[in-house]
Amino acid sequence: MHALSHGTTSTPTTIAVPPALSLPVIEAVFPRQLHPYWPKLQGTTRAWLLEKRLMPADKVEEHADGLCYTDLMAGYYTGAPDEVLQAIADYSAWFFVWDDRHDRDIVHGRPAAWRRLKEQLHSALDSPADHLGHGDPVVAGLADSVQRLYTFLSDTWNARFARHFHAVIEAYDREFHNRAEGIVPTVDEYLELRRLTFAHWIWTDLLEPSAGCELPDAVRKNPAYRKAALLSQEFAAWYNDLCSLPKEIAGNEVHNLGISLVIHEGLTLEEAIAELRRRVEECISEFLVAEQDALRFADDLDDGTVRGKEMSAAVRACAGSMRNWFSSVYWFHHESGRYRVDSWDDRSTPPYVNNEAAGEK
């Protein structure tokens, strides 16, 4: 089907959404939002990728805008102050570059390079100021983006973010091992790992600086808030699996819910795609219920005190961003060059990647 997209140009454009990936409920119930800072954000993040040497100049020129990394974040954290959104967008662009490095280290059999990078990233996360001049652009890029993120809220939030991202780095290491050994995780193993490799709690943590308010544990861990947050991320991870399945089969991937369903549950590829779609649609319907619970929770927080009003407004802002995530993720997968596998010269080698590891050819 065709749908109207309002995201990446000054005038709406019609994007063809393949029927197998079309979700009419997203197009009807989750209107797309875009932060007004987006046009400047795109140019600034493009310049940051060049400055930090995270992508070669020719690939930035040819691919950066078409990859739509800034669109994804500008469609999510729509209420964030400009400087917060810029830091998040740069961090997100870095995350995609790191994901590509991880993939290329696996494809080209560079376990020593990956182990070195993994340890350096752990160090940069804990002491970003000490790694700003690191010789590996992926390490220096993390240090720069994280140091900026650490300026918005308290040391408690920073420690939580670091704890969550240390777990993501280790999950990427488990994925490296699985892919190198050709191990397809079971469905349960995959779902647990995917919550880490997709960085569910990182993107949820970043709701708070976007809302300008750090949430106490009692609010953040409240079942109503937490369920809505988890469902928004689960939708994104599973819809990504649905859209990236052709790319990942072409690249001999082992980490995709569809692949786990085929290998461990005995489903045909067509049945696995249908099950992926069912889970995606269930996430949407469950979120619509959880969203109302989260908004009622926000109402309950407003007890007439200044602090109560602040917490209520922050939870409402975060819930609004969770809702934005559905449309932003959906359109990203149909606009970004990351998923146009059929247009690549080599279906297993994305044209926007740099195949070199730091210090290696």
Side-chain angles (χ1 to χ4, degrees), residues 1 3 15-27 30 72 96 99-100 102-103 106-107 168 171-172 174-200 203 227 230-288 325-344 346-350:
M1 68 182 293
I15 303 297
V17 180
L21 302 176
S22 171
L23 295 172
V25 65
I26 294 293
E27 298 168 24
F30 294 81
L72 181 63
F96 281 111
D99 184 75
D100 293 335
H102 175 259
D103 176 71
I106 295 166
V107 169
V168 171
Y172 264 68
R174 293 200 295 278
E175 180 175 326
F176 190 104
H177 170 74
N178 285 347
R179 287 181 61 187
E181 300 296 325
I183 298 169
V184 178
T186 66
V187 170
D188 287 345
E189 290 169 343
Y190 176 77
L191 294 177
E192 180 182 355
L193 185 62
R194 184 61 162 148
R195 285 173 182 157
L196 292 170
T197 58
F198 199 82
H200 281 25
W203 307 119
K227 184 173 184 180
L230 179 61
L231 285 167
S232 73
Q233 293 299 320
E234 297 279 62
F235 162 79
W238 297 344
Y239 191 67
N240 176 268
D241 278 6
L242 184 64
C243 294
S244 63
L245 190 55
K247 169 188 170 187
E248 293 178 346
I249 289 174
N252 294 317
E253 252 281 18
V254 297
H255 283 89
N256 185 294
L257 181 54
I259 295 171
S260 289
L261 287 166
V262 169
I263 298 299
H264 293 289
E265 303 293 326
L267 274 61
T268 65
L269 181 59
E270 292 74 17
E271 290 169 339
I273 290 170
E275 173 61 13
L276 259 175
R277 186 179 175 95
R278 185 194 68 77
R279 289 179 182 238
V280 165
E281 291 173 338
E282 187 175 65
C283 259
I284 299 169
S285 60
E286 288 187 5
F287 174 80
L288 290 171
W325 194 221
F326 285 82
S327 60
S328 193
V329 164
Y330 181 73
W331 291 114
F332 171 70
H333 282 86
H334 303 299
E335 294 173 348
S336 174
R338 254 184 114 75
Y339 304 99
R340 295 183 190 142
V341 180
D342 291 335
S343 68
W344 301 352
D346 175 356
R347 286 170 60 89
S348 66
T349 303

Worksheet item: Can you check salt bridge (Lys or Arg N to Asp or Glu O under 4.0 Å) on R338 and D99, steps first, answer last?
Response: CA-CA 12 Å; R338 254 184 114 75; D99 184 75; 3.1 Å; yes
Practice prompt. Give the C-alpha distance, both sets of side-chain angles, the deciding distance and a yes or no for side-chain contact (heavy atoms from CB on, under 4.5 Å) between V329 and N240.
Written response: CA-CA 8 Å; V329 164; N240 176 268; 6.0 Å; no
Worksheet item: What do the steps show when you test R194 against D241 for side-chain contact (heavy atoms from CB on, under 4.5 Å), and what is the final call?
Response: CA-CA 10 Å; R194 184 61 162 148; D241 278 6; 3.0 Å; yes
Worksheet item: How close do F30 and I284 get, heavy atom to heavy atom, and via which atoms?
Response: CE1-CG2, 3.7 Å
Discussion item. Please report whether the ring centroid of F287 lies less than 6.0 Å from that of F235.
Written reply: no
Discussion item. Using side-chain contact (heavy atoms from CB on, under 4.5 Å), reason through L72 and F96 one step at a time and then give a plain yes or no.
Written reply: CA-CA 12 Å; L72 181 63; F96 281 111; 4.0 Å; yes
Discussion item. If you count heavy atoms of other groups shown closer than 6.0 angstrom to CD of E271, is the number above 12?
Written reply: yes
Worksheet item: How long is the gap from CG on N256 to CD1 on I263, to the nearest 0.5 Å?
Response: 11.5 Å
Worksheet item: Among all residues two or more places apart in sequence or in another chain, which pass the side-chain contact (heavy atoms from CB on, under 4.5 Å) test with L193?
Response: A171, R174, N178, T197, H255
Response to the item:
d(E265 CD, T186 OG1) to nearest 0.5 Å is 8.0 Å
Worksheet item: Going by heavy atoms in the side chains, are E27 and S22 under 4.5 Å from each other?
Response: yes
Item to complete: Please identify each residue that fulfils salt bridge (charged side-chain N to carboxylate O under 4.0 Å, His left out) with E234, with sequence neighbours left out.
Response: R195
Discussion item. On a heavy-atom basis, which atom in A272 and which in G258 lie closest, and how many Å separate them?
Written reply: CB-O, 3.6 Å
Fill in: Trace of the side-chain contact (heavy atoms from CB on, under 4.5 Å) decision for V184 with V262
CA-CA 10 Å; V184 178; V262 169; over 6 Å; no
Practice prompt. Supply the atom-to-atom distance L230 CG to C283 SG, rounded to the nearest 0.5 angstrom.
Written response: 7.5 Å
Fill in: Nearest non-hydrogen partners of R277 and P19, listed with the distance
NH1-O, 3.8 Å
Worksheet item: Which of parallel (below 30°), tilted (30 to 60°) and perpendicular (above 60°) describes H334 and Y239?
Response: perpendicular
Fill in: pair I183-H177: side-chain heavy atoms closer than 4.5 Å
yes
Fill in: Distance, nearest 0.5 Å, that separates CZ of R279 from CG of L257
5.0 Å
Worksheet item: Does W238 reach the side chain of L191, with side-chain heavy atoms less than 4.5 Å apart?
Response: yes
Discussion item. Would you compute the distance between atom CG of L261 and atom CD1 of I273 and round it to the nearest 0.5 angstrom?
Written reply: 11.0 Å
Worksheet item: Less than 4.5 Å apart, any side-chain heavy atom of R179 and any of D103?
Response: yes
Response to the item:
In short, H200 meets A237 closest at the heavy-atom pair CE1-CB, 3.8 Å
Worksheet item: Are H102 and I106 side-chain neighbours, meaning at least one heavy-atom pair lies under 4.5 Å?
Response: yes
Worksheet item: Distance from L267 atom CG to S260 atom OG, nearest 0.5 Å?
Response: 11.5 Å
Fill in: Any side-chain heavy-atom pair of Y330 and V17 under 4.5 Å
yes
Discussion item. Parallel, tilted or perpendicular, judged at 30° and 60°: which one describes the rings of W325 and W203?
Written reply: tilted
Practice prompt. Would you please test R278 and E275 for salt bridge (Lys or Arg N to Asp or Glu O under 4.0 Å) and show each step?
Written response: CA-CA 5 Å; R278 185 194 68 77; E275 173 61 13; 2.8 Å; yes
